[in-house]
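Data first, discussion second: the structure below is written as structure tokens.
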Protein chains: 2
Amino acid sequence: MAVTLRDVAVKAGVSVRTVSNVVNGFQHIAPGTRARVQAALEELNYRPNLVARSLRQGRTGIIMLVLPEINVSYFGELAHEVVDYASSLGCTVQIDESGGDPQREKQLLTSLAQAGWVDGVLFSSLGLRGVDLAGLAGTRPIVLLGERTAGTALDHVGIDNVEASRQAVAHLIERGRTRVAAIGGSGGARDATSKYRLKGYEQAMKTAGLSSEGLYVRTADYRRGSAASAVRELLARDERPDGLFCFSDELAAGALRALAEQNVRVPADLAVIGFDDIEASRFSTPSLSTVRPDKAGIAKAAVDALLRRLDDPGGEIHEFNVGFELIQRESSG
Amino acid sequence: MAVTLRDVAVKAGVSVRTVSNVVNGFQHIAPGTRARVQAALEELNYRPNLVARSLRQGRTGIIMLVLPEINVSYFGELAHEVVDYASSLGCTVQIDESGGDPQREKQLLTSLAQAGWVDGVLFSSLGLRGVDLAGLAGTRPIVLLGERTAGTALDHVGIDNVEASRQAVAHLIERGRTRVAAIGGSGGARDATSKYRLKGYEQAMKTAGLSSEGLYVRTADYRRGSAASAVRELLARDERPDGLFCFSDELAAGALRALAEQNVRVPADLAVIGFDDIEASRFSTPSLSTVRPDKAGIAKAAVDALLRRLDDPGGEIHEFNVGFELIQRESSG
DNA sequence: CTGTTAGCGCATTCAT
DNA sequence: ATGAATGCGCTAACAG
């Protein structure tokens, strides 16, 4: 069995209360007592039982980060930022994968968050709608990352996807492209991200007086492997596109590969821009132009929002719009 | 306050014992009682408090996966496999980042594992040596992933890095390359991975009767950004290398980029092979030859080993050597 | 300044 | 088949 406060107390010849005080760094302890307790603590190699402490305090000091897939670069990089910032504030982050499956998302929430295992949740979902989540929130606060779905009564942190996408496409148009295509999306009809990115794309085209008719191809997901068929479909058009806006950098990476195979020169024949600015994009050949969401900013805003709500559960619901940046590299000339 | 067993018991007019039995699916409950309890359970939307349950049972049902950096593709993909397999077994995985910092690794172990917050730990470390870890193990089992450091008294899962590296380099040599260089490594003198990969490289060169003199360049870490300077250094040699073994796919990606910038054709002028087979490597231009460790196999072996040790803490220490595969793509001709 | 003790929510042993 | 009561390890309210 592990060594408990009691064991230490007996050893040091004091009460558990005193040991607890020493462990928790209280003031007002007689120097002699403290020394004796410290000695016993070290000798027995005492470790406070976090489970017991959490039960007692009703707080675990852990926040949960729920992501669709941790092996997707964007989420990996976002998770990294969250862990980074949270640990600078003394918080532990528990990362969990939902696989984008609403069932599993629900289960994580009920079995861990509602069960008091974590103090709060940072939730990046493609599956569940905010409305569904609100019902699951229970006693633990949830902060939504990414897309805000309609009618949500939850704090939310994200970027303006419509505007970011509009700027990305406008950039290609400024570079003289007139037949700009777009690819992206995912199976779920609930994929709000693709909805907004498509909207931004269409806005940019319309503003420039260009037709987007037949130039958008939906993909199965946002991964590299899903770009090839979309690209093939676009290249089969009577009039080939001369610009391509990919809803994610991974899609763009897959597209670059598919284009190279078809001997389409980037950017000469076709300019490409992605979304997310994952690290790989700086090193691809050609390097990828993209939209860089302020990941550190998202992480900070999200963690701050969660901690604030922990202190003040009744506070007003907030919406945080974090910045983004257009990164121009070789793929868009 | 959250609803407790007691609340449900009162509502259903039974004792907490009975409610607990229903919740935990015990047999031998009068059908009428069960129905009444079920109704109360649903009406109050009862969620068992995991913290209390864990305190009582001494088990949390959660295993911790400690990785250096989750935004590194290899670790992201490995984490994905671990979560995948563990959840198929009904286990929850908590992922934590150590940043490769021995201090932080130690802290995670003492503050979470020793504190009973998790049942066991899957530990992928660059910093701490197994010997250090063994002392920290305390009451909770630890399974080491990746490199086995000397004198470890812990279960370990990994691949044969020496042999895998030897085969990678031998592959380049078979393709007619004679001046094969190698890049990789990390700051820490404790980086066992680079030690073994370098050893495999040297073995292959020696076996082929080739000199490796001055052909290995150490990098700061295994990331894309660290390859450029190493490549530049190699290209400055009197006689340029015609083959390059990178200790990671990320390094290889950085190298491909640097080579393209210097107008070195791959594989015509220089054949490249990486290590890890991250997803991006299939889609780069040229696509990257690499060594593919059986990530799913590592995940399975590791989780199995941990669960086995939870049941039988006194069992014999095991060493699991998981397979790997040489993947030939465009970069090695 | 420090000892005693209640109770966080649950599973479980001892009764019945 | 179910109730009553104990204690997991800890913190904090209440003494003194």
Side-chain angles (χ1 to χ4, degrees), chain A residues 1-38 40-41 44-61 111-119 138-140, chain B residues 1-38 40-41 44-61 111-119 138-140:
Chain A
M1 216 51 214
V3 28
T4 77
L5 267 191
R6 228 185 108 80
D7 300 330
V8 180
V10 170
K11 176 123 197 153
V14 296
S15 76
V16 290
R17 161 75 199 260
T18 303
V19 181
S20 176
N21 282 347
V22 172
V23 169
N24 294 328
F26 271 47
Q27 308 306 320
H28 310 302
I29 300 181
T33 314
R34 156 163 284 142
R36 212 149 14 98
V37 173
Q38 285 286 15
L41 242 27
L44 296 176
N45 191 30
Y46 170 78
R47 302 291 167 209
N49 182 318
L50 277 196
V51 178
R53 178 181 285 179
S54 297
L55 176 60
R56 181 58 231 249
Q57 306 202 128
R59 273 212 188 191
T60 69
S111 77
L112 290 179
Q114 289 194 1
W117 191 254
V118 295
D119 290 344
T139 99
R140 303 294 172 172
Chain B
M1 215 50 216
V3 26
T4 78
L5 267 190
R6 225 186 111 81
D7 300 330
V8 179
V10 169
K11 176 124 198 152
V14 297
S15 76
V16 289
R17 161 76 200 261
T18 303
V19 181
S20 176
N21 282 346
V22 171
V23 169
N24 294 328
F26 270 46
Q27 308 307 318
H28 310 301
I29 300 180
T33 314
R34 156 164 282 141
R36 212 150 13 98
V37 173
Q38 285 285 14
L41 241 27
L44 296 176
N45 191 30
Y46 170 78
R47 301 290 167 210
N49 181 317
L50 277 196
V51 179
R53 178 180 285 180
S54 297
L55 176 60
R56 180 60 230 252
Q57 306 200 127
R59 272 211 189 192
T60 68
S111 77
L112 290 179
Q114 289 194 1
W117 191 255
V118 296
D119 290 344
T139 100
R140 304 293 173 172

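Within the nucleic acid shown, B:Leu5 comes within 4.0 Å of sugar-phosphate atoms alone, with no base atom in reach, counting heavy atoms only. Among the atoms of the strands shown, none is found under 4.0 Å from any heavy atom of A:Ser54. Using a 4.0 Å heavy-atom distance criterion, B:Val51 is classed as making no nucleic acid contact.
When atom types are taken as modelled, the side chain of B:Arg36 and the backbone of B:Ala12 share a donor-acceptor pair closer than 3.5 angstrom.
Side-chain proximity of B:Thr18 to the nucleotides C:dC10, D:dT2, D:dG9 is greatest for D:dT2. With D:dC10, C:dG9, D:dT2 as the choices, the nucleotide that has an atom nearest any side-chain atom of A:Thr4 turns out to be D:dC10. Listed nucleotides: D:dG3, C:dG9, D:dC10. Nearest to the side chain of B:Asn49: C:dG9. Among the nucleotides D:dG9, C:dC1, C:dG9, the one closest to any side-chain atom of A:His28 is C:dC1.
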Taking N or O atoms only and anything under 3.5 Å, show me the protein contacts with nucleotides 12-16 of chain D, one pair per line.
residue, atom, partner, partner atom, Å
D:dA13, N6, A:Arg17, NH1, 2.9
D:dC14, N4, A:Arg17, NH1, 3.1

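What separates CZ of B:Arg59 from P of C:dT12 is a distance of 13 Å, to the nearest Å. If you take CZ of A:Arg6 and P of D:dC10, they are 12 Å apart, rounded to a whole angstrom. Atom pair B:Arg47:CZ and C:dC10:C1' shows a separation of 17 Å (rounding to whole Å applied).
By the 4.5 Å heavy-atom criterion applied to side chains, A:Tyr46 and A:Val19 are not counted as neighbours. Between B:Arg53 and B:Asn24 the shortest side-chain heavy-atom distance falls below 4.5 Å.
In this structure, CG in A:Leu41 is found 8.5 Å from CG in A:Leu5, a value given to the nearest 0.5 Å. Between the CD1 atom in B:Ile29 and the CG atom in B:Asn21 there is a gap of 5.0 Å [rounded to 0.5 Å]. The distance from the CG atom of B:Leu50 to the OG1 atom of B:Thr60 is 9.0 Å, given to the nearest 0.5 Å. One distance of note links CZ of B:Phe26 with OG of B:Ser20; it measures 7.0 Å at 0.5 Å rounding.
Put simply, A:Arg53 has no side-chain N or O that comes within less than 4.0 Å of OP1 or OP2 on D:dG9.
When each of B:Leu55 and B:Ile29 is assigned the nucleotide of DNA chain D with its nearest heavy atom, B:Ile29 is the one assigned upstream, toward the 5' end.
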